[in-house]
Amino acid sequence: MEKVHIIDLQFKQIPNSIATFLVETDAGPILIETGPESTFETLKKGIKSLGYEVEDIQHVFLSHIHFDHAGAAWRFANHGAQIYLHPKGAPHLSNPDKLWNSAKMIYGEQMEDLWGEMKAIPPSQLISMNDGEKVTVGSTTLTAWFTPGHAVHHLAWQLGSIVFTGDVAGVKIDNGPVTPPCPPPDINIENWKASIDRILELNPTMLYLTHYGTVTEIASHFEELKLMLDDWAVWMKGYYEKQVDPQEVVPLFISYTQSQLEKQGLSKETVEKYEKANPSWMSVAGLYRYWKIKEKAAKTQQ
Ligand SMILES: [Zn+2]
């Protein structure tokens, strides 16, 4: 069995918030997720500490193209790596201006500080995967599974009985509860639950979460995640229907989720990690959009 190493990117100096995974194959190391470009130096150090150089990584597997997962992919492409991803993600990485500028409208001045730099990847190095398609490196085989719900361009990567779940298995830090990251624009609760069922059908024995680390109690993990998805979506629906300004909802949602975490006995420090890894304001925006799209769809059906 291949050895999987977790590299902690120490995003914003916070341990256990964003991971990348280095898998040793008999044809050299491969990487699953790259993290943001802002933590590339930390990633480089992590790769070195395992006895490798950045140039040794010739295969990079992305769960999706959000900056915290794929922001540093171009750095590896610069050294000739092939980048494997969902077909809907590929155009954004070959021409990242649109992705960058729309994020800049949200993050403003903080953009570079949070995410670093983003450069285009030549289309010839972006390998679009079909659902169920396999990639073989040496004697290691990874299978791509379409898993929308968090993002339409989301893949889970299966390696034997292990699944690298990106964001579709939620966020779980320091033995806290599992919570769903719900940023705009693609959140779809029904699709997300269907994606969970797809992963369950693979009968995995271990999940690797980008935020953060391994999960072995898989059935209860996903059950908890489904409950949380419904809980957050229903909570948000109430405010959406009353047309409360999302800006006003953010502090309410922060205190709602924090009390959920505190009820589980989490320390203040861990509660803060959750907010950093899965910001409440993003989930307010994402779930508002989810309800808006649903409302529109219902109207056109009438
Ligand atoms: Zn993420």
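Each ligand, and each atom within it, is numbered from 1 in the order the structure gives.
- When Pro184, Pro185, Pro183 are each tested for a side-chain contact (heavy atoms from CB on, under 4.5 Å) with Ile187, only one passes: Pro183.
- Ring planes of His150 and Trp192: perpendicular class, angle over 60° (limits at 30 and 60°).
- In this structure, the side chain to side chain contact (heavy atoms under 4.5 Å, CB included) partners of Ser280, at least two apart in sequence or on a different chain, are Phe253, Ile254, Thr257, Glu275.
- Checked against Trp115 for a ring-ring contact (aromatic ring centres under 6.0 Å, His included), the options Tyr107, Trp100, Phe40 give a single hit: Tyr107.
- Each protein N/O/S atom under 2.8 Å from the Zn ion (ligand 1) was counted, for a total of 4.
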Might you work through the side-chain contact (heavy atoms from CB on, under 4.5 Å) test for Asp8 and Asn16, ending with a clear yes or no? CA-CA 6 Å; Asp8 186 347; Asn16 301 358; 3.3 Å; yes
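- Of the candidates His154, His153, His211, His66 forms a ring-ring contact (aromatic ring centres under 6.0 Å, His included) with just one, namely His153.
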